[in-house]
Visitor: 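I am attaching a structure below and will ask some questions about it afterwards.
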Amino acid sequence: MVRKFLDIRPSNLTANGVVSYKSGQPIIRFEISEQDAFLMGSSVRICGELSVTRNGVDPVADTDDLEIDSRSGIFGMVDTVTITSIKTKQTIETIRHYNRMMSSYLPVASSNEDLIGHLSQTALTLPADEASRQGVVRQFKTNGNEFCVYLPTGLLQNGSPIPLSSDTIGGISIEISLAPPSSFLFVSSASGAVAKGLSNADYSLKNLKLVCEVEDMTSENKVSSKVNGFEYQ
């Protein structure tokens with residue numbers, strides 16, 4: 001069986017390629033088209049670059065107490081994940097308050113070593129707030145802070161290949177709704193965001209893409225997937 005690696009850009013990408021809640025683009029949509037292949041759900045990764053600013057333009061100063069949830073990292077910006085069939089438009093799975101779910105999931109599934117090692121590179125997580133402020137929020141770079149994260153969902157983490165053929169799902173659409181800046185960014189000082197001049201703090205994403213792995217169907221497993229269907233958590 002032949003396996004292929006796909007690199008997919010958002011289907012609703014803006015003209016400048018920058019996605020921001022405040023700019024009126026709170027939804028990111030990726031479409032994995034209908035094809036005679038199985039999607040390896042555990043291989044799905046969302047990649048991009050995160051930039052945090054004081055007001056949409058200026059970088060965060062070293063004296064600013066602006067931060068994100070250090071243990072949730074990039075997952076803190078995701079409000080809802082919805083997976084639908086491209087062919088039938090039916091919703092397969094929806095997870096609301098995804099950031100809150102991940103704040104409970106990550107401490108159970110990851111150790112401090114994970115948060116400071118592999119996940120700190122892929123999901124921008126760190127085990128301490130000050131480390132997150134210095135390593136993520138205050139690191140204003142030309143290309144932003146790169147991330148490449150998996151999406152724990154019942155469908156994608158099921159462990160079984162997901163059929164994309166016209167006889168089954170007919171391709172899937174993965175829609176990510178971003179959380180407002182006030183839910184992702186916060187000021188730790190007692191004086192508050194207004195007093196610190198951070199009430200307009202914002203975050204933005206660019207160079208977004210979805211990478212995944214698909215496996216071509218054979219005549220035998222194509223018939224089997226059509227007859228038996230599939231189950232997921």
Side-chain angles (χ1 to χ4, degrees), residues 1-13 17 19 27-49 73-75 77-78 80-96 98 101-102 105-106 108-110 114 117-125 146-178 205-233:
M1 289 180 282
V2 179
R3 288 200 173 190
K4 298 177 291 187
F5 296 93
L6 305 182
D7 186 319
I8 302 170
R9 302 292 170 172
S11 61
N12 63 333
L13 194 61
V19 176
I27 295 176
I28 308 167
R29 185 180 301 109
F30 296 98
E31 294 184 348
I32 305 175
S33 62
E34 174 187 312
Q35 54 193 291
D36 287 338
F38 290 101
L39 170 66
M40 305 294 109
S42 59
S43 71
V44 173
R45 297 290 186 277
I46 306 298
C47 309
E49 298 168 7
I74 206 71
F75 294 111
M77 71 175 188
V78 182
T80 306
V81 174
T82 303
I83 302 176
T84 60
S85 164
I86 294 178
K87 179 182 179 180
T88 65
K89 309 302 180 184
Q90 289 180 312
T91 299
I92 301 173
E93 181 177 13
T94 296
I95 304 178
R96 296 181 176 86
Y98 191 82
M101 184 201 78
M102 291 303 296
Y105 173 84
L106 286 173
V108 175
S110 308
D114 294 324
H118 177 69
L119 279 176
S120 73
Q121 298 298 313
T122 60
L124 306 182
T125 62
E146 297 180 347
F147 61 89
C148 186
V149 293
Y150 71 119
L151 287 177
T153 74
L155 179 66
L156 299 180
Q157 302 302 316
N158 180 50
S160 301
I162 303 168
L164 299 172
S165 64
S166 59
D167 297 328
T168 52
I169 293 179
I172 64 172
S173 171
I174 300 176
E175 189 174 281
I176 299 171
S177 298
L178 299 178
L205 306 170
K206 64 179 180 179
N207 292 333
L208 289 165
K209 64 179 179 180
L210 179 149
V211 295
C212 63
E213 185 177 355
V214 297
E215 184 177 278
D216 289 345
M217 289 182 172
T218 63
S219 55
E220 291 81 9
N221 59 27
K222 182 177 181 180
V223 172
S224 176
S225 65
K226 179 180 178 181
V227 173
N228 299 324
F230 74 103
E231 296 179 356
Y232 65 93
Q233 298 176 7

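The residues of the chain are indexed from 1 along the displayed sequence.
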Visitor: Would you check, one step at a time, whether the test side chain to side chain contact (heavy atoms under 4.5 Å, CB included) holds for T122 with I74?
Guide: CA-CA 9 Å; T122 60; I74 206 71; over 6 Å; no
Visitor: Hey, what do you get for OG1 (T84) to CD (E175), rounding to the nearest 0.5 Å?
Guide: 7.0 Å
Visitor: Residues in salt bridge (Lys or Arg N to Asp or Glu O under 4.0 Å) with E34, at least two apart?
Guide: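 Once residues adjacent in sequence are excluded, E34 has no partner under the salt bridge (Lys or Arg N to Asp or Glu O under 4.0 Å) criterion.
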Visitor: Looking at every heavy atom in both L156 and T153, which two are closest together, and how far apart are they?
Guide: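 Closest approach of L156 to T153, heavy atoms only: N-OG1, 3.1 Å.
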Visitor: To the nearest 0.5 Å, what is the distance between CD1 on I92 and CD1 on I162?
Guide: 8.0 Å
Visitor: Answer yes or no: is there a side-chain heavy-atom contact under 4.5 Å between L205 and L178?
Guide: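 The answer is yes, as the side chains (C-beta and beyond) meet within the 4.5 Å cut-off.
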Visitor: Less than 4.5 Å apart, any side-chain heavy atom of F38 and any of T168?
Guide: no
Visitor: Do Y98 and L151 have side chains that approach each other closer than 4.5 Å (heavy atoms only, starting at C-beta)?
Guide: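 Answer yes - side chains close enough.
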Visitor: Within a strict 4.5 Å, meaning less than it, do heavy atoms of the F30 and V44 side chains meet?
Guide: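 They are not in side-chain contact.
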Visitor: Let me confirm one number: the CD1-CD1 distance from I176 to I83, rounded to the nearest 0.5 Å.
Guide: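 Here the interatomic distance stands at 9.5 Å.
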Visitor: Would you check if K4 and D216 make a side-chain contact, meaning some heavy-atom pair closer than 4.5 Å?
Guide: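 Yes, their side chains come closer than 4.5 Å.
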Visitor: Atom CD in E93, atom CG in L155: separation rounded to 0.5 Å?
Guide: 6.0 Å
Visitor: Side chains of Q35 and L6, heavy atoms from C-beta outward: is any pair under 4.5 Å?
Guide: yes
Visitor: Mind checking whether S165 and M217 have side chains closer than 4.5 Å, heavy atoms only?
Guide: yes
Visitor: Return yes if some donor-acceptor pair links the side-chain N/O of N12 with the main-chain N/O of R29 below 3.5 Å, else return no.
Guide: yes
Visitor: Report the residues that fulfil side-chain contact (heavy atoms from CB on, under 4.5 Å) with L13, sequence neighbours left out, ordered by chain and then residue number.
Guide: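 Once residues adjacent in sequence are excluded, the partners of L13 under the side-chain contact (heavy atoms from CB on, under 4.5 Å) criterion are P10, V19.
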Visitor: Do L39 and C212 have side-chain heavy atoms sitting under 4.5 Å apart?
Guide: yes
Visitor: At their closest point, which heavy atom of L164 faces which heavy atom of V214, and how far apart are they?
Guide: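 Looks like CD1-CG1, 4.2 Å.
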Visitor: In Å and rounded to the nearest 0.5 Å, what is the OG to CE distance from S177 to M77?
Guide: 11.5 Å
Visitor: Which residues satisfy the salt bridge (Lys or Arg N to Asp or Glu O under 4.0 Å) test with R45, sequence neighbours excluded?
Guide: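 R45 satisfies salt bridge (Lys or Arg N to Asp or Glu O under 4.0 Å) with no residue once adjacent residues are dropped.
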Visitor: Considering residues, nucleotides and ligands other than R9, do more than 12 of their heavy atoms fall under 6.0 Å from its CZ?
Guide: yes
Visitor: If you take all heavy atoms of P152 and M101, which pair is closest and at what distance?
Guide: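 Closest approach of P152 to M101, heavy atoms only: O-CE, 4.0 Å.
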Visitor: Under the criterion side chain to side chain contact (heavy atoms under 4.5 Å, CB included), I'd like the reasoning laid out for C47 against V211: C-alpha separation, chi angles, the key distance, then a yes or no.
Guide: CA-CA 8 Å; C47 309; V211 295; 4.0 Å; yes
Visitor: How far apart are the closest heavy atoms of P161 and P163, and which atoms are they?
Guide: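 It is O-CD, 3.6 Å.
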Visitor: Test your reading of the model: is there a side-chain donor-acceptor pair from S85 to the backbone of I169, 3.5 Å cut-off?
Guide: yes
Visitor: Please give me the minimum heavy-atom distance between F75 and Y150, naming the atom from each residue.
Guide: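 Looking at all heavy atoms of both residues, the shortest contact is CE2-O, 3.3 Å.
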Visitor: So, taking the atom named OG in S43 and the one named CG in L210, what distance separates them when rounded to the nearest 0.5 Å?
Guide: 8.5 Å
Visitor: What heavy-atom pair brings I32 and I86 nearest, and what distance separates the two atoms?
Guide: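 Closest approach of I32 to I86: O-CD1, 3.6 Å.
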